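Structure first, then comments.
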Amino acid sequence: MNQDVGPADTADVTDTAEVPVVDCLPLVHHTVRPEWIDHHGHMSEAFAVLVFGYATDAMMIETGLHGGYRESTGCTLRTVETHLRYLSDVPEGARLAIRTRILGAAAEKVRYAHELFVLDGVRNVEAVAGLHGVEGAVEASPATLPTEAEPAATTEVLAVHVDRQAGSATPFPEAVRQRLESLTEDAPCWAGRSIAAVADPRA
């Protein structure tokens, strides 16, 4: 996925030194729309990918890789590998919170993870989702969730910083690299897994 300027990207800053400084990446909130529901009556896997893509847009804004940066430099972030897990059904109208964690960054590469939480039925939800009624809202407070919250879906991503004109990878600007490194945390237990092997009937 080429993370070019999208509807969630409204930053108008071109100086890569002006990277926002926050304690951690904020949560991103969405509500499951009727058109996101598949023939099983639950959120389609395609729209889980869409919501995770919006969370990547938000991460790029927070780390200095926003629309202004992409326009002025011709550089962007491109996804080269993902691993998604669908853990529980998500119904229409569910209020979602997506948490993003940076798991590693070096030179032109960044590894990160998104976790999708359903807030309905979670205690103390209003303290976490004060902006739940706003599509694509980014919470201003730190990305905290109630301790009993369990993700309904996760994705782990490897992305590369590329120069679109040159068509090749290029190192992050120093300010962006430092910001990514400052956000890096331990990987969750599920990160780094591959799809389980299934017996080959021809063997």
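Being a predicted model, the structure only gives us computed values, none of them experimental.
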State, to 0.1 Å, how close [X] and [Y] come at their nearest heavy-atom pair, and which atoms those are.
{"X": "T31", "Y": "G93", "answer": "CG2-O, 3.6 Å"}
{"X": "H161", "Y": "P171", "answer": "ND1-O, 3.3 Å"}
{"X": "L103", "Y": "P188", "answer": "CD2-CD, 3.9 Å"}
{"X": "V90", "Y": "L116", "answer": "CG2-CD2, 4.3 Å"}
{"X": "A159", "Y": "L77", "answer": "CB-CG, 3.7 Å"}
{"X": "C24", "Y": "L183", "answer": "CA-CD2, 3.9 Å"}

Got a sec, which residues hit side-chain contact (heavy atoms from CB on, under 4.5 Å) with [X], two or more places apart in sequence or on another chain?
{"X": "L87", "answer": "R85, P151, T154"}
{"X": "E92", "answer": "P34, I37"}
{"X": "H40", "answer": "D38, H42"}
{"X": "V162", "answer": "T76, R78, V160"}

Quick check for you: to the nearest 0.5 Å, what is the distance between [X] atom [atom1] and [Y] atom [atom2]?
{"X": "R179", "Y": "L65", "atom1": "CZ", "atom2": "CG", "result": "11.5 Å"}
{"X": "T155", "Y": "L84", "atom1": "OG1", "atom2": "CG", "result": "3.5 Å"}
{"X": "L96", "Y": "F117", "atom1": "CG", "atom2": "CZ", "result": "11.5 Å"}
{"X": "Y54", "Y": "H30", "atom1": "OH", "atom2": "NE2", "result": "7.0 Å"}
{"X": "I61", "Y": "Y69", "atom1": "CD1", "atom2": "OH", "result": "15.0 Å"}
{"X": "L180", "Y": "T63", "atom1": "CG", "atom2": "OG1", "result": "5.0 Å"}

Could you tell me if the side chain of [Y] sits less than 4.5 Å from the side chain of [X], heavy atoms only?
{"X": "V51", "Y": "H114", "answer": "no"}
{"X": "F172", "Y": "V110", "answer": "yes"}
{"X": "E156", "Y": "R111", "answer": "yes"}

Can you tell whether the side chains of E115 and R101 come within less than 4.0 Å, N to carboxylate O?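 Counted as a salt bridge, because a side-chain N and a carboxylate O are separated by less than 4.0 Å.
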Evaluate whether atom CD of Q165 has more than 12 neighbouring non-hydrogen atoms of other residues, nucleotides or ligands under 6.0 angstrom away.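 It does not: Q165 CD has 12 such atoms or fewer within range.
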With a 6.0 Å cut-off (strictly less than), is the heavy-atom count around CD of E35, excluding the residue itself, greater than 12?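 Yes.
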Evaluate side chain to side chain contact (heavy atoms under 4.5 Å, CB included) for I102 paired with M59, printing each intermediate quantity in order. CA-CA 9 Å; I102 305 298; M59 180 272 288; 4.0 Å; yes
Measure up the W36 and F47 rings against each other and bin them: parallel (under 30°), tilted (30 to 60°), perpendicular (over 60°). parallel
Output every pair passing ring pair (Phe, Tyr, Trp, His ring centres under 6.0 Å) with a member in residues 178-203, not counting sequence neighbours, ordered by first then second residue.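 Of all non-adjacent pairs touching residues 178-203, none passes ring pair (Phe, Tyr, Trp, His ring centres under 6.0 Å).
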Sequence neighbours excluded - ring pair (Phe, Tyr, Trp, His ring centres under 6.0 Å) pairs with any residue from residues 89-108: none
Flag, side chain of R164 to backbone of R70, donor-acceptor distance under 3.5 Å: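 Yes; at least one donor-acceptor contact below 3.5 Å.
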Evaluate the criterion side chain to side chain contact (heavy atoms under 4.5 Å, CB included) for residue pair E62 and T100; output intermediate values, then yes/no. CA-CA 11 Å; E62 292 289 336; T100 301; over 6 Å; no
